[in-house]
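All remarks here apply to the structure that follows.
Worth saying up front: this structure is predicted, and the values here are computed from it rather than measured.
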Amino acid sequence: MKHIVMYSGGIGSFMTVKRVMEKENSKDIILLFTDTLTEDEDLYRFIEETKEHLGVTFVRLCDGRDVWEVFKDIKYLGNSRIAPCSRVLKQEPARKWIEENYQPEEVTLYIGIDWTESQRLIKVKKNWLPYKIVAPLCEEPYITKDEMINQLEKLGIKKPRLYDLGFSHNNCGGFCVRAGQAHFANLLEHMPDRYKYHEEKELEIASYLKKDVTILRRQRNKKIEPLTLKKFRSEIESKETNYDLFDFGGCACFIEESKSEYIA
């Protein structure tokens, strides 16, 4: 039996591997990393250090496109409701590789979801049938992210820098179409050049699609209106906006269901 951990390069997936290693032979464990080519530079440093520490098999998969190339190809801009980048760049390459190499009875799959987001687990398990999905961090003993980071630092491994910058995950370089206004405000504060890049890409895809599409939205006078990253930045810089300081949104990779929802 093989044990494949969906290795995102975050603290959760690292601690997931540690728990799997407590029960399974390390020779049977595989780290499966799906590279979106939109990652923070420090993620690759973290992966190199942790895979050397863990000493298990590592597999990197890559579609060859970044998230913006996917949005252009499928003619749809991801947002908080639908994130096709997750399906195209993570789920599909992972599923293809697993199905080509293992039958469902030959492997158990593990994800780094912890007990604070266990509601995601039901959907992930459904999407991956007939393969078995396990989330060790949703099981006792429960552990907080701060405790995970303390354990990591005791091993002499520096945590991913995005955590120090106030990001809740280490995916896609601090960018995520499922993120909320507070998350993008944090990106603007700490990585203005990166924010500017995504701002320009959003305008580019809207022009390409000839549609008023945006990642962010907001409610005004009981109506939902689009909010471009450019306008959001302008409002923050001019102090003309009062955004929700707790609207961080959240990464929801590996739970997208249907391609028909977004392919034009």
Side-chain angles (χ1 to χ4, degrees), residues 1-26 28-36 54 56-61 63 67 70 78-145 147-148 168-172 176-179 248-263:
M1 173 71 74
K2 293 295 183 180
H3 302 273
I4 299 178
V5 180
M6 303 300 186
Y7 205 62
S8 68
I11 184 65
S13 57
F14 173 75
M15 293 307 299
T16 296
V17 182
K18 297 291 282 185
R19 286 204 171 179
V20 175
M21 292 181 73
E22 292 173 358
K23 298 180 179 180
E24 309 296 342
N25 191 319
S26 61
D28 295 322
I29 298 174
I30 299 170
L31 310 184
L32 188 60
F33 170 55
T34 46
D35 194 343
T36 67
L54 295 166
V56 298
T57 301
F58 175 81
V59 175
R60 172 185 176 268
L61 303 178
D63 172 271
V67 297
V70 169
N79 51 63
S80 62
R81 303 173 306 286
I82 303 173
C85 42
S86 170
R87 170 173 287 280
V88 174
L89 299 180
K90 287 182 173 288
Q91 286 178 262
E92 291 179 355
R95 183 115 197 181
K96 181 176 184 293
W97 186 86
I98 290 168
E99 289 180 344
E100 287 176 348
N101 288 278
Y102 301 101
Q103 295 298 315
E105 65 274 13
E106 298 175 331
V107 65
T108 299
L109 311 179
Y110 300 84
I111 57 174
I113 290 174
D114 67 31
W115 57 276
T116 66
E117 50 185 0
S118 58
Q119 71 279 0
R120 292 174 57 193
L121 188 55
I122 295 174
K123 200 168 185 180
V124 176
K125 285 184 174 181
K126 176 184 175 182
N127 289 352
W128 278 90
L129 288 172
Y131 289 89
K132 180 182 178 182
I133 287 281
V134 178
L137 297 181
C138 287
E139 303 169 358
E140 295 183 353
Y142 301 127
I143 183 172
T144 67
K145 183 163 289 185
E147 290 172 326
M148 295 182 204
S168 60
H169 57 72
N170 191 36
N171 300 327
C172 291
C176 180
V177 295
R178 288 191 179 275
F248 285 95
C251 175
C253 289
F254 284 98
I255 68 169
E256 290 295 318
E257 284 192 49
S258 173
K259 289 187 283 188
S260 62
E261 292 181 317
Y262 54 81
I263 290 184

Mind checking whether [X] and [Y] have side chains closer than 4.5 Å, heavy atoms only?
X      : Y      : answer
Cys138 : Ile113 : yes
Glu139 : Val134 : yes
Pro130 : Gln103 : no
Met6   : Ser13  : no
Lys96  : Leu61  : no
Asp28  : Met1   : no
Ile133 : Leu121 : yes
Met148 : Phe14  : no

ask   = When you look at Ile4 and Trp97, which way does the side-chain contact (heavy atoms from CB on, under 4.5 Å) test go after all the steps?
value = CA-CA 11 Å; Ile4 299 178; Trp97 186 86; 3.8 Å; yes

Just how far is it from atom [atom1] of [X] to atom [atom2] of [Y], taken to the nearest 0.5 Å?
X      : Y      : atom1 : atom2 : result
Gln91  : Thr34  : CD    : OG1   : 9.5 Å
Ile111 : Leu32  : CD1   : CG    : 13.0 Å
Tyr110 : Thr16  : OH    : OG1   : 10.5 Å
Asn171 : Lys90  : CG    : NZ    : 5.0 Å
Arg120 : Asp114 : CZ    : CG    : 9.5 Å
Met15  : Leu137 : CE    : CG    : 7.0 Å

Provide the closest heavy-atom pair for [X] versus [Y] in the form atom of the first, atom of the second, distance.
X      : Y      : value
Arg95  : Asn127 : NH1-O, 2.9 Å
Pro93  : Arg87  : CD-O, 4.1 Å
Tyr131 : Tyr102 : OH-O, 2.6 Å
Arg81  : Asn79  : N-OD1, 2.9 Å
His3   : Glu24  : NE2-OE1, 3.1 Å
Glu106 : Asn101 : OE1-O, 4.2 Å

query = So Cys176 and His169, side-chain contact (heavy atoms from CB on, under 4.5 Å) or not? Walk me through it.
reply = CA-CA 10 Å; Cys176 180; His169 57 72; 4.2 Å; yes

Intermediate values then yes/no, side-chain contact (heavy atoms from CB on, under 4.5 Å), Gln119 and Glu117 = CA-CA 5 Å; Gln119 71 279 0; Glu117 50 185 0; 4.1 Å; yes

request  = Report the C-alpha distance between Ile29 and Leu54 in whole Å, list the side-chain angles of each, state the deciding distance to 0.1 Å, and finish with yes or no for side-chain contact (heavy atoms from CB on, under 4.5 Å).
outcome  = CA-CA 10 Å; Ile29 298 174; Leu54 295 166; over 6 Å; no

key: All ring-ring contact (aromatic ring centres under 6.0 Å, His included) counterparts of Tyr7, not counting sequence neighbours   =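 Residues passing ring-ring contact (aromatic ring centres under 6.0 Å, His included) with Tyr7: none at all.
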
inquiry  = Is it the case that over 12 heavy atoms from other parts of the model lie below 6.0 angstrom from the NZ atom of Lys2?
reply    = yes

ask   = Within a radius of less than 6.0 Å around CH2 of Trp115, do more than 12 heavy atoms belonging to other residues, nucleotides or ligands occur?
value = no

inquiry  = When you measure from the side chain of Lys145 to the backbone of Ser168, do you find a donor-acceptor pair of N or O atoms at a distance under 3.5 Å?
reply    =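 Checked: pair present.
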
